[in-house]
Protein chains: 4
Amino acid sequence: MRFESDNAAPAHPAVLAAIAEAGDAPGTYDNDRWSAALNEAFSQLFETAVDVVWATTGTAANTLALAALCPAYGGVICHEEAHIANDECGAPGFFTGGAQLLALDGSGAKLDARAVRAFCDGRDVDQHTLPPRCLSLTNSTEYGLVYSAAEMAEFGAVARAHGLRFHVDGARFANAVAASGASPADLSWRAGVDILSFGFSKNGGFVGEAMVLFDTALGEELRYRRKRAGHLPAKGRLIAAQIAALLEGDLWLANARAANAAATALAAAAPQRLLLPVEANALFLRLAAGEAAALREQGFGFYDWDCDATGGIYRLVTAWNTPAGDVAAMAGALRALENA
Amino acid sequence: MRFESDNAAPAHPAVLAAIAEAGDAPGTYDNDRWSAALNEAFSQLFETAVDVVWATTGTAANTLALAALCPAYGGVICHEEAHIANDECGAPGFFTGGAQLLALDGSGAKLDARAVRAFCDGRDVDQHTLPPRCLSLTNSTEYGLVYSAAEMAEFGAVARAHGLRFHVDGARFANAVAASGASPADLSWRAGVDILSFGFSKNGGFVGEAMVLFDTALGEELRYRRKRAGHLPAKGRLIAAQIAALLEGDLWLANARAANAAATALAAAAPQRLLLPVEANALFLRLAAGEAAALREQGFGFYDWDCDATGGIYRLVTAWNTPAGDVAAMAGALRALENA
Amino acid sequence: MRFESDNAAPAHPAVLAAIAEAGDAPGTYDNDRWSAALNEAFSQLFETAVDVVWATTGTAANTLALAALCPAYGGVICHEEAHIANDECGAPGFFTGGAQLLALDGSGAKLDARAVRAFCDGRDVDQHTLPPRCLSLTNSTEYGLVYSAAEMAEFGAVARAHGLRFHVDGARFANAVAASGASPADLSWRAGVDILSFGFSKNGGFVGEAMVLFDTALGEELRYRRKRAGHLPAKGRLIAAQIAALLEGDLWLANARAANAAATALAAAAPQRLLLPVEANALFLRLAAGEAAALREQGFGFYDWDCDATGGIYRLVTAWNTPAGDVAAMAGALRALENA
Amino acid sequence: MRFESDNAAPAHPAVLAAIAEAGDAPGTYDNDRWSAALNEAFSQLFETAVDVVWATTGTAANTLALAALCPAYGGVICHEEAHIANDECGAPGFFTGGAQLLALDGSGAKLDARAVRAFCDGRDVDQHTLPPRCLSLTNSTEYGLVYSAAEMAEFGAVARAHGLRFHVDGARFANAVAASGASPADLSWRAGVDILSFGFSKNGGFVGEAMVLFDTALGEELRYRRKRAGHLPAKGRLIAAQIAALLEGDLWLANARAANAAATALAAAAPQRLLLPVEANALFLRLAAGEAAALREQGFGFYDWDCDATGGIYRLVTAWNTPAGDVAAMAGALRALENA
């Protein structure tokens, strides 16, 4: 009964079937029928003409996008607990040629649009100081919070006012759409987003993500950047076919809804234990060390987050495939803690 | 009847089976059972203790290796027709932080060890001029020639004498082993090679390559570099499982032998037409434009290489799966040209 | 009566004389008699054999040093108010190829060795997270505090224990030596420092700084890095001659003592106003806005530091040439504030 | 009697006087009266509104300009014997973040506009191949040849047609103006040049060069890039004052004319010996080894260029200050060789 991470979940059967089909299909690099169909599929999904450049990983999708949006001498405003700040081993600095992250704080890894505005207003504008040129948000956040369409629009206004390009790390964009009920368009280009890294590997994919370009003029540059970063396999149909499979019939959305529903069910079982509201597919629970140990003895897997020998915060993440039985068992175990 | 490129060939069934098996298996990043077994498998193959770091593409494997072997202020000696010089969109400059390729010529994309020595001897050594710090060879070469173990050893001696680290782009290393009859060890570390990019995607793999580190001290650095370049997917078992499948029972070698044999058979059918000896799995044929067109009308696919409206040089590449019937048909068609 | 910054002070007459003499002297790049003499002069000063590489600016000296000490995939531990973090427009990221600053806090821009140790101990060591590889301190700090020899030795011990190379931004190293009474050796290599950026442009120089390499094996690399960063003028004797002039007869130390003494005298006049102890040549004073305005009306120039319409913190910096009369006048004005 | 290089010449007395005056003048970074006046002075000289960003060296001026004109994933077309290709230790790769030089040949380090056009036309345009994005010419060339206004206009047309930005390395732009009789405008923006690196250190300056921006929108970016490359000294008036002194009364032009005239006089003395026409201030002479040795015994200094134990090509360069007596003596010695 595994609640460690959605990126540890299996590849969806539809994804594996697509891979098998693509194994013996024509087309090198991104000259295959799946790659060719992505622009149309995403354009329908986003209700506008987009250009889509797939990449092999989320780190690549995020930092290729940043390289296209932020000059080497610029700064990227992000949250101090953002994936790009903590979990990509300096990839933003590498891909941009030395641009610097300008990290702000905020509860649940969520930025506040007014804080971004204040940061920009308060920053010196002279040649000694890196100018902010890009804003990067993660939706849903690394703590499972969701930016609504209205919040996104606020950030878009700040970005426009301060000359910032706007990137979204959508490693769990599907979960944000499912949770907010907003349209993909409202959570992206209608709010002023320039590039969305649309994640699939936490959503039933095996390996592969998509950069969705709302500023389609960036497509040429991103294809050159992708190749020189080694992210264009000869048999790129492996990537494109997976993405196509997850778009088909809105499988991505069904997968995200399943993951979110599982998290909601768990949250309902332990309302007193929650560090933060559960909006997407992650829970952060306050547990005593003994409680955590007891849960693990019952066969539940999850991560230590911010804890010591006495206990603290533990993270549970649900996925597209989290079995109903596992959810029920964990919910039961959490309720039992309350009554212990 | 397709002779365009071995990177357009299908993924091998054993590779697809491995992917399917890995789809629902535990282990994130490179913490899976396939990744864990690679060091041992490659160490046996190379008859020495190696460290193996897989990557998603050949461009990544080549240029991550160069970044570990050549400082940003150094130069990489290579052939002017090397893949790293012509087909990676500047990836070496990106990954190394600005190191420069120092390109030499030579027939069939093959360097001459004496020419490398002469180049190093003749180069100014002062702070105005980038110092050569690395040598990179492709084996088999972009024109299908093979460096023998003795030739490799000569390069190794030059590299040692001039303080050059030694990299091999082995996108078709399997073909070089099959063609030369030399052991993997003799074509690599026994000749002084520090890192070999061992290619699988032209050998029946779908997506994935291995950096084989004979200087195992570089392993830590390369894992950091791989991650910050976005080449560590969460479900990296997709990559590792493929490589394991191709190592199993020396499938990689059988695949390379099949490809080489097909090329040899074609070469025997058109000895007068060959630009270069056929040593591995590529043929470069002199054809009149009309001859090329006639072959294509018969259903044979291949690349224009260096030709104009009157004809010139055309490239044919065989692969692990080139059907015997296709080879026989093409051989017959080539013989018919001679008698026409 | 100017207390804005020591980098706004004039070039010392001895420096101007040296420049004039160097104007028509032989020697290109660093092949001149001044450059040739620097290693010996600094080796005497530091009581050990050092290699010295001059550069045109402090930003260059700092970040060339960081590039030699920290790999592109590493992190540099520094103070969040360090010059390298705030006033170099991202130069560390540029010169290192994307290494990241890992900024800690501490009063007066001064790091605490125990905090550095705790930071290293608490940091994940895995491929997702940039590994700390270098420690950079500024002595005297951006707030005019001084690390003693004993404090430096503590940092050296932490650096050794955690595999960190050790850099000192010595834009005001002269002031630190003058203030601490410690020897240059005790404030550098005896404490484990690998490279010191020894500043001269705040010390009576016009343009030019020195990287003092205690790890002399880095000299070759730094000369290549300097050239490729454009910091090797054809008539580099302009730089070397200035440094030589300031070393001659320990002019650098006399200059620093004069600056420190002026600051001490000012501090004595306003003990209640000091944000921090005055250890070198900078004062940070608490003033009401009206007080600041009144001082400026009397002809005193200084910087707003952290203040608003009601007042706050203002910075005064003294220099090698701050006239005794100016100091006396300012001291009198400050005392008058107390009695007002 | 020194003919080694114009960058070994002394600083002009007017330059030294300006430095002395600037030594004790207000203004930090580029906030001084000399820096403030440069835009106006250069705008008059070039008959159009320009923005001027000074830098400390020619390497910096060239490669900062390239960084602003060529993306990291692009290529810079230049001559294979260009200074940026051979004498800057990889600076273009460093400053641009990995862009690659695409080097063409041509006699006397001079490119041919038709060859550039053919190169662009013949180059693959796909994501595997670095796209040419910038053209960089040196005028006068590294062999002392001069591009005329008409030739420059041809290059400008090619650049426009192929989407190339246009940079000129004008380390000896003054000599090109003096030699061609063309206006600075005709040799730059009227031909489509975006940025000119206007050299002063070979023209009587001590240390300092100017980037003249005809595309003034690049000024903001270049100031950020300059700072993060460490090329903005606190007392930048040292640089600006020198440039101002050389502009004053067209001293730069008089200096260049003097240098060119000296070279012309030498050329007239040895017409049979010239490798190339002498158009600016450099001569390349064919000499037997014994002849070269004999000249050196007479006290003449010059560089070996491309020669061996039997002789070959030797380089002589004249400068703003080459004494008439030295020229006469060398001319006599060369004539004597003919009659020997």
Side-chain angles (χ1 to χ4, degrees), chain A residues 2 4-13 15-17 19-20 22-29 55-64 87-95 97 171 201-202 205-209 223-239 321, chain B residues 2 4-13 15-17 19-20 22-29 55-64 87-95 97 171 201-202 205-209 223-239 321:
Chain A
R2 309 186 55 199
E4 285 90 351
S5 180
D6 43 2
N7 75 12
H12 192 280
V15 164
L16 290 173
I19 290 175
D24 184 9
T28 48
Y29 303 107
T56 58
T57 66
T59 294
N62 282 339
T63 50
L64 286 167
D87 300 296
E88 302 189 350
C89 197
F94 175 47
F95 279 79
S201 66
K202 294 182 168 81
F206 207 150
V207 166
E209 318 278 308
R223 286 179 175 81
Y224 284 120
R225 289 192 179 274
R226 175 178 62 175
K227 171 62 195 176
R228 78 194 283 264
H231 284 286
L232 182 67
K235 301 175 190 174
R237 57 191 190 263
L238 170 64
I239 308 297
N321 71 321
Chain B
R2 308 186 56 198
E4 285 91 351
S5 179
D6 41 4
N7 76 12
H12 191 280
V15 163
L16 290 174
I19 290 174
D24 184 8
T28 48
Y29 303 106
T56 57
T57 65
T59 293
N62 283 339
T63 51
L64 286 167
D87 299 297
E88 302 189 351
C89 197
F94 175 46
F95 279 80
S201 65
K202 293 181 167 82
F206 206 152
V207 166
E209 318 278 307
R223 287 178 174 83
Y224 284 120
R225 288 191 180 275
R226 174 178 64 176
K227 171 61 195 178
R228 79 194 284 263
H231 284 286
L232 181 67
K235 301 176 189 172
R237 56 190 191 264
L238 170 63
I239 308 297
N321 71 321

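Throughout, a chain's letter reflects where its sequence line sits, starting with A, and its residues are numbered from 1.
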- So what's closer than 4.5 Å to chain B heavy atoms on A/Ile19: side chain, backbone, both or neither? both
- Query: So which part of B/Leu64 gets closer than 4.5 Å to some heavy atom of chain A, the side chain, the backbone, both or neither?
  - Reply: neither
- May I ask you to name which of A/Thr63, A/Thr59, A/Asn321 has the most heavy-atom pairs under 4.5 Å with chain B? A/Thr59
- Message: Looking only at heavy atoms and a cut-off of under 4.5 Å, which of B/Ala9, B/Ser5, B/Gly208 has the most pairs with chain A?
- Response: B/Ala9
- Item | Side chain / backbone / both / neither for B/Arg2 at chain A, heavy atoms under 4.5 Å | side chain
- Note on the structure: Max heavy-atom pairs within cutoff under 4.5 Å with chain B, candidates A/Ala8, A/Ala229, A/Pro26, goes to A/Ala229
- Query: A/Pro233 and B/Val207: which non-hydrogen atoms are nearest, and at how many Å?
  - Reply: CB-CG2, 3.7 Å
- Would you mind checking which part of B/Asn62 comes under 4.5 Å of any heavy atom in chain A, side chain (CB onward), backbone (N, CA, C, O), both or neither? neither
- Write down the atom of A/Thr56, the atom of B/Gly230, and the distance for their closest heavy-atom approach. OG1-O, 4.0 Å
- Would you say A/Phe94 and B/Arg225 make side-chain contact, with heavy atoms under 4.5 Å? no
- Message: Please give me the minimum heavy-atom distance between A/Tyr224 and B/Cys89, naming the atom from each residue.
- Response: CD2-SG, 3.6 Å
- What part of B/His231 lies closer than 4.5 angstrom to a heavy atom of chain A: side chain, backbone, both or neither? both
- Query: With a 3.5 Å cut-off and no angle check, do the side chains of A/Ser201 and B/Lys235 form a donor-acceptor pair?
  - Reply: no
- So what's closer than 4.5 Å to chain A heavy atoms on B/Leu238: side chain, backbone, both or neither? both
- Note on the structure: When every non-hydrogen atom of A/Thr57 is compared with those of B/Leu232, the smallest separation belongs to CG2-C, 4.1 Å
- dist A/Glu88:CD -> B/Arg228:CZ (nearest 0.5 Å) comes out at 12.0 Å
- Message: If we define contacts as heavy-atom pairs under 4.5 Å, which of B/Pro92, B/Ala25, B/Gly23, B/Ala61 has the most with chain A?
- Response: B/Gly23
- Message: If the condition is side-chain hydrogen bond (donor to acceptor under 3.5 Å, both in side chains), which residues does A/Thr28 pass it with, not counting sequence neighbours?
- Response: none
- Locate the shortest heavy-atom distance separating B/Asn7 from A/Tyr29; write the atom from each residue and the value. ND2-OH, 3.1 Å
- Checking B/Ala22 against chain A: side chain, backbone, both or neither under 4.5 Å from a heavy atom? both
